[in-house]
Amino acid sequence: MIRSVVFVCLGNICRSPAAEAVFRAQAPGLASDSAGTSDWHVGEPPYGAMQAAALARGIDMSDLRARQFGPEDFARFDLIVAMDGDNLARIEAQRPQGSDTPVHLLTDYAPDSGADHVPDPYYTRDFDGTLDLIEKAVGGLIAQISGDREEVD
Ligand code: 4NP
């Protein structure tokens, strides 16, 4: 059963904190966190334009602070969710021997979106489009987690 999820992108200031904030709003009973595969923004709050776009939808992510993903996260979380293939590869490169913690792309949970990664709004500047995709995929992820729970119960 999945009880905790960590969302991972490159900087941990745009995509993954947005996914964490959407997830915790939609699934308050589950544990969640986010991290970046780089250390570029460690300690920083989410990017201003990302925060503003989320707040316009009622999602406050101002309390979040960037941290770097590490091998210990494989034991700390039941599921690791990456925003794109590059970051998925960076995560897998840190998998401790013997760990079977699943790592999936967020877009795996939005198959009808046609997207195979969450484009980085730090470069695209499409913060609303990013949030649309994140909200859709996080909804799919929560539905799957809840379905798994019903199967187990
Ligand atoms: P994120 O976006 O991975 O979604 O947090 C980025 C933020 C900053 C940088 C790259 C990606 N950067 O190059 O500083």
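When a ligand or atom number is given, it counts from 1 through the structure's own listing order.
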Please determine if Asp73 and Arg67 form a salt bridge, counting it only when a charged side-chain N lies under 4.0 Å from a carboxylate O. yes
Could you tell me whether the side chain of Ser99 and the main chain of Pro96 form a donor-acceptor pair under 3.5 Å? no
Inspect the contact between Arg57 and Asp132 and indicate whether a charged nitrogen and a carboxylate oxygen are less than 4.0 angstrom apart. yes
For atom 12 (N) of ligand 1, the closest protein heavy atom turns out to be Tyr122 CE2, 3.4 Å
Which residue supplies the protein heavy atom nearest to atom 1 (P) of ligand 1, what is that atom called, and how far is it? Cys9 SG, 3.5 Å
What protein heavy atom sits nearest atom 14 (O) of ligand 1, and how far away is it? His41 NE2, 2.7 Å
What atoms in ligand 1 come closer than 4.0 Å to a heavy atom of Trp40? 12 (N), 13 (O), 14 (O)
Can you find a heavy atom in the side chain of Phe23 that is under 4.5 Å from one in the side chain of Leu30? yes
Under 3.5 Å: donor-acceptor pair, side chain of Glu20, backbone of Ser34: yes
Quick one: look up the protein heavy atom nearest atom 13 (O) of ligand 1 and list residue, atom name and how far away it is. Tyr123 OH, 3.1 Å
Taking only heavy atoms of Gly11 into account, list the atoms of ligand 1 that are under 4.0 Å away from them. 1 (P), 3 (O), 5 (O)
Heteroatom distance test (Leu10, ligand 1): nitrogen or oxygen, under 3.5 angstrom: yes
Looking at Asp100 and Arg95, does any basic side-chain N land under 4.0 Å from a carboxylate oxygen? no
N/O separation below 3.5 Å, Arg15 to ligand 1: yes
Measure the shortest side-chain to side-chain distance between Trp40 and Leu10 over non-hydrogen atoms and say whether it is less than 4.5 angstrom. yes
Show me which atoms of ligand 1 lie under 4.0 Å from any heavy atom of Ile13. 5 (O), 7 (C), 8 (C)
Among all protein non-hydrogen atoms, which one is nearest to atom 11 (C) of ligand 1, and what is the separation to 0.1 Å? Asp120 OD2, 2.9 Å
